[in-house]
Amino acid sequence: MVHLSHKFSTIPINFIPKQFSKHLPQQIQSQPTPPFIPFSQRQNQRSLLESQLISALNCCTSLTQIQQIHARVLRKGFEQCCYVLTKLIRILTKMEIPMDSYAKLVFNQVENPNPFLCTALIRGYCLQGLVKESVFVYSEMRKKSVLPISFTFSALFKACGVVNDVDLGRQIHGQTILIGGFGFDLFVKNSLIEMYVKLGFLGCGRKVFDELPERDLISWTELIVGYVKAGDMESAGELFSELPKKDMVAWTAMVTGYAQNAKPREALEFFERMLNEGVETDEVTLVGVISACAQLGAAKYANWIRDIVENLGFSPTRCVVVGSALIDMYSKCGSVEDAYKAFKVMEEKNVFSYSSMIAGFAMHGYAYAALELFHEMVKIGIKPNKVTFIGVLTACSHSRMVEQGRQIFESMEEKFGISPGVDHYSCMVDLLGRAGCLEEALNLAETMPLEPNGGVWGALLGACRTYSNPDIAQIAANHLFELEPNAIGNYILLSNIYASAGRWNDVLMVRKMMREKGLRKNPGCSWLETKKGVIQEFFAGDMSHPRYGEMKQVLEDLLNRLKAIGYQPNMNSIAYDVSDEEKTRILITHSEKLALAFGLLDINADFPIRIMKNIRMCEDCHSFICGVSQITRRVIIVRDNLRFHHFHDGKCSCGNFW
DNA sequence: ATAGGGTTAG
């Protein structure tokens, strides 16, 4: 083995491969290698040292180590060596060590910086949000006549994207045209498109794209994503279909795009097309698909994606993003147990995983679990963000935990340095309102330091419905009619509040407002998945279902049995001034009751009946289903527009508070 | 070297 290393060391340094030797001047070729060349030996030593320094830098894990090596760099006379210095900057960048002054120091010592060193600095500063420094380096570089490379511009455009400075971007864009050769550099152009798209100047991005003599997949994908982010899926789809050769990233951009733009069915459709065309998928694709399934909220899709994840051999425990997406999906598909299982097995958990899980618990009414998890994440050092607090506060709000909620709200700024946003205030108004402190909730809405939005007044209006307070409702509704004049739900809520207070004239007035605006009531709709796996829809008051006769029989039967144990239809849930008899008839054809009847007929007794609903459940349906879960001993899970109700044994997981 | 990813209130 010693022999082998000996063999390597005898390869002459000045060895010139044969195919190149003919290009060399004759003299050099014919000159015999002198037995000793002090200079080249020194060179040799120097390059040895250089590579030692480089590999030492590669092994660095802390700033101290880097500083030690830097000292060595200076000691050995490498303070002008761009190669080593570039490496140093890149390591600092990679390790996210703030280089506000450190890198500048390095830069100032170098007399003849090369483009790579300058570019590494620009990029490093940019990634640390020090865009001014990036631009400074660029101007220094122009002053010293260092010619930029493509990557210089790319880094600069990225920097402009970071600080939202389109003017600067435009300026530099101009320079790419002036400074030789970059006007047509595809890499530079792609970075430019990315910048414009990121800053919302989609038209400029498009112009750059259209003027390109040739484009690559990356230019196309960037623009597609631009349209996706702008919510224009039609243009995105058009571009995508024109794309001559599509790869996984482009496909994924479309799948994710549909998911992000609330078109989950299209997302799944694209995903299936993608599979059919034999395009590879990876975890990024899956995240988009999982998110689409979450939006559909059907257990069927949760199971479907579970199989896909398993068949593709992805381990959701490994990838924190996939795991977090799964937590959200399982929660939204009604199985907080599965969500927690997914959470439990994740190897790495971050603020997303915790926030999703907390929101999942909150959604299902497990406030204590949500709070416990919150404290756990704080304890193990994961810093909550503003989304986390939304979850925690909703959890408190849905469980009447006013004091805990208040404390957490106050701790946001004090302990975690997150100043509450409008949405947090709306959680607080909700928390107070649900607990019946309407005056205090109103006061908070009126005195909060931020401009209250629809969420704030909407929460208050909702609380007024729960506690039948038409006066405060009127205040909240007036704000809402201004902020969201076309949101039908607000008019309906207000009219219901007036109705339950018997203020029928006011009801008529609200109706008139709705008519004048041309707003029509959103019909109540529920759906469930049948035994055969078909989604069946039920509309309130709809008697045209083929099995309506049987369903009606079931409901009447249930009604009688429930009345026998003390249930009374809740007439307050009907906002029409009609006879009690008529109210009872309307109540019994609410869509969730129809779905429930169908579910009892169709679904085997061992399985829960899962119903989804487009609007909030009324009081009457809630107590009716509570009763049904008791007398039939069935588990019934209803998802309304914002949360889940698990009915079991006469009780609901929301504790009659939602 | 450049393109695609998860959590949010009434």
Side-chain angles (χ1 to χ4, degrees), chain A residues 119 123 149-155 157-158 185-195 197 216-226 228-229 247-257 259-260 281-291 294 319-329 331-332 350-360 362-363 384-395 397-398 421-431 433-434 453-466 476 480 484 487 489-490 493 616 641-643 658:
Chain A
T119 304
R123 195 178 110 91
I149 51 175
S150 310
F151 203 34
T152 316
F153 288 118
S154 160
F157 290 141
K158 193 162 234 141
D185 186 302
L186 191 53
F187 174 49
V188 169
K189 290 288 178 187
N190 281 346
S191 315
L192 190 55
I193 296 176
E194 195 199 350
M195 179 198 74
V197 161
D216 61 6
L217 245 166
I218 291 162
S219 344
W220 284 90
T221 311
E222 276 171 338
L223 208 57
I224 289 174
V225 171
V228 164
K229 295 270 146 78
D247 70 348
M248 177 171 74
V249 179
W251 276 99
T252 304
M254 289 303 291
V255 172
T256 310
Q260 287 171 344
T281 57
D282 66 1
E283 64 265 57
V284 185
T285 325
L286 276 185
V287 166
V289 182
I290 294 170
S291 155
C319 175
V320 62
V321 184
V322 172
S324 307
L326 282 175
I327 293 169
D328 178 52
M329 181 191 71
S331 304
K332 287 183 179 157
N350 64 9
V351 60
F352 278 89
S353 347
Y354 272 93
S355 305
S356 302
M357 197 60 243
I358 289 172
M363 213 185 291
N385 64 17
K386 40 188 189 169
V387 182
T388 321
F389 284 106
I390 302 274
V392 180
L393 291 174
T394 6
S397 164
H398 286 283
V422 192
D423 299 335
H424 300 107
Y425 277 96
S426 93
C427 287
M428 283 310 283
V429 169
D430 191 46
L431 175 72
R434 276 174 200 276
N453 64 4
V456 175
W457 295 117
L460 187 59
L461 188 63
C464 292
R465 200 207 51 84
T466 311
L480 282 169
E484 343 179 299
N490 300 327
L493 261 180
R616 189 183 189 276
N641 52 341
L642 56 104
R643 59 164 296 162
W658 77 102

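The figures that follow rest on heavy atoms only: side chains count, while hydrogens, waters and symmetry mates do not. Chain letters run A, B, ... following the sequence lines, proteins first, then strands; residues in each count from 1.
Across all strands shown, A:E283 has heavy atoms under 4.0 Å from base atoms, whether or not it also approaches the sugar-phosphate. When heavy atoms are screened at a 4.0 angstrom cut-off, A:T285 is found touching base atoms of the nucleic acid. Within 4.0 Å of A:G454, counting heavy atoms only, lies at least one base atom of the nucleic acid. At a threshold of 4.0 angstrom between heavy atoms, the contacts of A:R434 are confined to the sugar-phosphate backbone, with no base atom among them. Residue A:M248 is classed as a base contact, given a heavy-atom separation below 4.0 Å to a base. Residue A:S191 is out of contact with every strand shown, counting any heavy-atom pair closer than 4.0 Å. Counting any heavy atom pair closer than 4.0 Å across all strands shown, A:N350 reaches a base atom. Among the atoms of the strands shown, none is found under 4.0 Å from any heavy atom of A:I358. Here A:D328 lies in heavy-atom contact (under 4.0 Å) with sugar-phosphate atoms only. If you check every strand for non-hydrogen atoms under 4.0 Å, A:V225 touches sugar and phosphate atoms only. Across all strands shown, A:N190 has heavy atoms under 4.0 Å from base atoms, whether or not it also approaches the sugar-phosphate. Nucleic acid contact class of A:T256 (heavy atoms, under 4.0 Å, all strands): sugar-phosphate only.
For the side-chain hydrogen bond (donor to acceptor under 3.5 Å, both in side chains) test, no residue two or more places apart in sequence or in another chain qualifies with A:H424. Taking the side-chain hydrogen bond (donor to acceptor under 3.5 Å, both in side chains) definition, one finds that A:Y354 meets it with A:E376, sequence neighbours left out. The side-chain hydrogen bond (donor to acceptor under 3.5 Å, both in side chains) check on A:S355 picks up A:T388, with sequence neighbours excluded. In this view, A:S154 and A:F151, A:F187, A:S191 satisfy the side-chain contact (heavy atoms from CB on, under 4.5 Å) rule, not counting sequence neighbours. Scored by the side-chain hydrogen bond (donor to acceptor under 3.5 Å, both in side chains) test, A:T285 finds A:T252, A:D282 as partners (sequence neighbours excluded).
Checking A:D328 against A:S356 by side-chain atom types alone, no donor-acceptor pair falls below 3.5 Å. A side-chain N or O of A:T152 and one of A:T119 form a donor-acceptor pair less than 3.5 Å apart.
First and last contacts of DNA chain B with chain A, using any nucleotide atom under 4.0 Å from a protein heavy atom and ordered 5' to 3', fall at B:dA1 to B:dG10.
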